[in-house]
Protein chains: 2
Amino acid sequence: MKEQKIPKETIKRLPLYYRCLNRLVVLGKDTLSSTELSEYLGIKPTQIRKDLSYFGDFGTRGVGYDLRKLFKEIESILNLERSWNIAIAGVSNIGCAIMDLLDFNHSGFNIVAAFDSDNRVVGSNIYGITIQDLDNLKECTADEPIDIGIIAVDPVDAREVANCLVDKGVKGIVNFAPTLLNLPKEIEVVQMDLTSELGWLVFYIGHR
Amino acid sequence: MKEQKIPKETIKRLPLYYRCLNRLVVLGKDTLSSTELSEYLGIKPTQIRKDLSYFGDFGTRGVGYDLRKLFKEIESILNLERSWNIAIAGVSNIGCAIMDLLDFNHSGFNIVAAFDSDNRVVGSNIYGITIQDLDNLKECTADEPIDIGIIAVDPVDAREVANCLVDKGVKGIVNFAPTLLNLPKEIEVVQMDLTSELGWLVFYIGHR
DNA sequence: AGCTGTGAACGCATTCACAGCG
DNA sequence: CGCTGTGAATGCGTTCACAGCT
């Protein structure tokens with residue numbers, strides 16, 4: 001293992017490795033070569049080996065990787081040994097879908113609070129979570145610290161909501177609103193944006 | 001304008017420019033500098049100018065860009081002058097949220113068909129679309145050609161559904177299932193995957 | 001022989017510095 | 001003087017070729 005700068009792209013691939021390994025562990029497999037993994041993921045074997053090599057020498061030459069061990073390694077690298085608390089702002093369609101998603105494949109991400117501005121849903125219960133008024137986001141005191149905020153509110157409200165979430169101590173945000181958030185740079189932001197993905201998709205579809 | 005290879009990353013930014021310009025046009029603005037645009041989007045002015053320069057000389061030196069004209073140019077580059085027909089496979093939570101999203105900001109993407117395997121929803125009507133049985137996907141004949149498929153079904157079914165969609169003539173697919181699709185390489189695929197985004201997010205959150 | 005680990009080469013994308021024009 | 005357009009330089013990520021174990 002080297003003390004190098006690790007490419008962001010490498011980090012983005014780790015969760016793919018992680019999920020695939022998880023499935024294979026469940027299936028009871030116990031050794032895996034980079035070539036094999038590459039077939040499952042559509043990522044070149046050399047790429048996989050280089051990615052892993054940033055973090056250590058996990059494989060054995062001539063053999064491959066011990067599946068379970070590699071899984072544990074990646075779990076530890078990604079900080080997925082512990083669980084993470086998530087708050088969701090906005091529980092109309094998308095927000096609700098996310099709650100379902102995270103609730104269903106309980107993958108170390110726990111929804112601990114949910115907010116909405118619509119009076120009709122405030123106070124109701126979705127997947128065991130009582131929806132709070134979005135206006136209370138500033139004041140509310142969570143029993144547990146919130147690590148990550150997910151923004152699924154109207155674009156015009158996204159920036160303010162993001163600031164509130166940061167005030168409440170979140171370290172990362174997933175933003176489904178097509179809005180630039182102006183946050184301190186130590187806050188990690190993931191932008192998820194279907195319409196803009198569709199935009200570049202049709203560029204390529206049209207140019208053939 | 002040059003006959004060069006255009007970076008994929010450039011294409012991915014165009015929809016961001018497009019949406020921002022759209023908003024500004026609505027506000028009645030008429031001239032825009034790259035620096036100004038950069039403040040809205042968090043993208044460096046030189047980056048914006050280089051991106052645009054791949055497609056032509058849209059600005060005037062000393063002045064900036066004619067907002068409306070630039071908007072039209074990008075619209076044309078992205079093939080957003082025409083509208084695009086979309087079919088959705090899977091209308092439980094995520095699928096439904098997508099229908100709402102595209103229906104709401106009617107942005108040239110029309111949902112023309114929707115499928116689900118759940119008998120309880122087949123035949124029902126969501127946002128004016130009658131849900132068809134997913135098993136009929138192969139046989140069904142759409143009145144209009146389908147350009148893009150959105151996959152929001154169970155991961156284990158995703159590959160088969162994708163193949164059916166391609167048989168029906170879609171040129172591009174947005175896949176919300178964490179599954180590698182094995183499709184002919186002329187089919188453009190966008191992978192959307194919240195759990196894996198959360199995965200790399202916590203890597204960075206944990207390493208501070 | 002088979003598969004991993006890695007420096008070196010390559011290719012792609014961003015940034016810089018400045019020329020070109022209004 | 002201000003802002004765009006662009007070749008050249010830099011930086012980042014992927015691929016290659018092969019050394020190193022088993």
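A, B, ... follow the sequence lines: proteins, then strands. Residue 1 opens every chain.
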Would you kindly give the [atom1]-to-[atom2] distance between [X] and [N], to the nearest whole Å?
X     : N      : atom1 : atom2 : answer
A:I43 : D:dT15 : CD1   : P     : 10 Å
B:F55 : D:dG5  : CZ    : P     : 13 Å
A:I6  : D:dC12 : CD1   : P     : 14 Å
B:I48 : D:dG5  : CD1   : P     : 12 Å
A:K5  : D:dT10 : NZ    : P     : 20 Å
A:F58 : C:dG5  : CZ    : P     : 9 Å
B:Y17 : D:dT4  : OH    : P     : 12 Å

Return the minimal non-hydrogen interatomic distance between A:E39 and B:L180, and the atom names on each side. O-CD2, 3.7 Å

Heavy-atom side-chain contact between B:I131 and B:F115 under 4.5 Å: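 The answer is no; the side chains never approach within 4.5 Å.
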
Just wondering, do A:W84 and A:N110 contact through their side chains at under 4.5 Å, heavy atoms? no

Contact string for nucleotides 14-22 of chain C, one letter per nucleotide 5' to 3', B = base within protein heavy-atom range under 4.0 Å, S = sugar-phosphate only, - = neither, reads BB---BBBS

Test salt bridge (charged side-chain N to carboxylate O under 4.0 Å, His left out) on A:R68 and A:E75; report intermediate values, then the result. CA-CA 10 Å; A:R68 204 168 301 262; A:E75 182 167 65; over 6 Å; no

Tell me which residues in residues 64-73 of chain A lie within less than 4.0 Å of DNA chain C, going by non-hydrogen atoms.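 Correct list: A:G64, A:Y65.
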
With a 4.0 Å heavy-atom cut-off, tell me which residues in residues 25-38 of chain A come close to DNA chain C, sorted by residue number. A:S33, A:S34

Hey, is A:D193 close enough to B:K12 for a salt bridge, meaning N to O under 4.0 Å?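 B:K12 and A:D193: not salt-bridged.
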
Basic-acidic side-chain contact under 4.0 Å: A:D147, A:R82: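 The answer is yes: the pair qualifies as a salt bridge.
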
Dump the intermediate steps for salt bridge (charged side-chain N to carboxylate O under 4.0 Å, His left out) on B:E81 and B:K72, then the final yes or no. CA-CA 9 Å; B:E81 287 158 325; B:K72 283 291 171 194; over 6 Å; no

How far does CD of A:Q191 sit from CG of A:N175, to the nearest 0.5 angstrom?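 Interatomic distance, A:Q191 CD to A:N175 CG, rounded to 0.5 Å: 4.0 Å.
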
Could you note down all residue pairs passing side chain to side chain donor-acceptor pair (under 3.5 Å) where residues 149-174 of chain A supplies at least one of them, sequence neighbours left out? none

Residues two or more places apart in sequence or in another chain: which of them pass side chain to side chain donor-acceptor pair (under 3.5 Å) with A:S76?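 Residues passing side chain to side chain donor-acceptor pair (under 3.5 Å) with A:S76: none at all.
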
Residues forming a side chain to side chain donor-acceptor pair (under 3.5 Å) with A:E73, sequence neighbours excluded: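 Expected list: none.
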
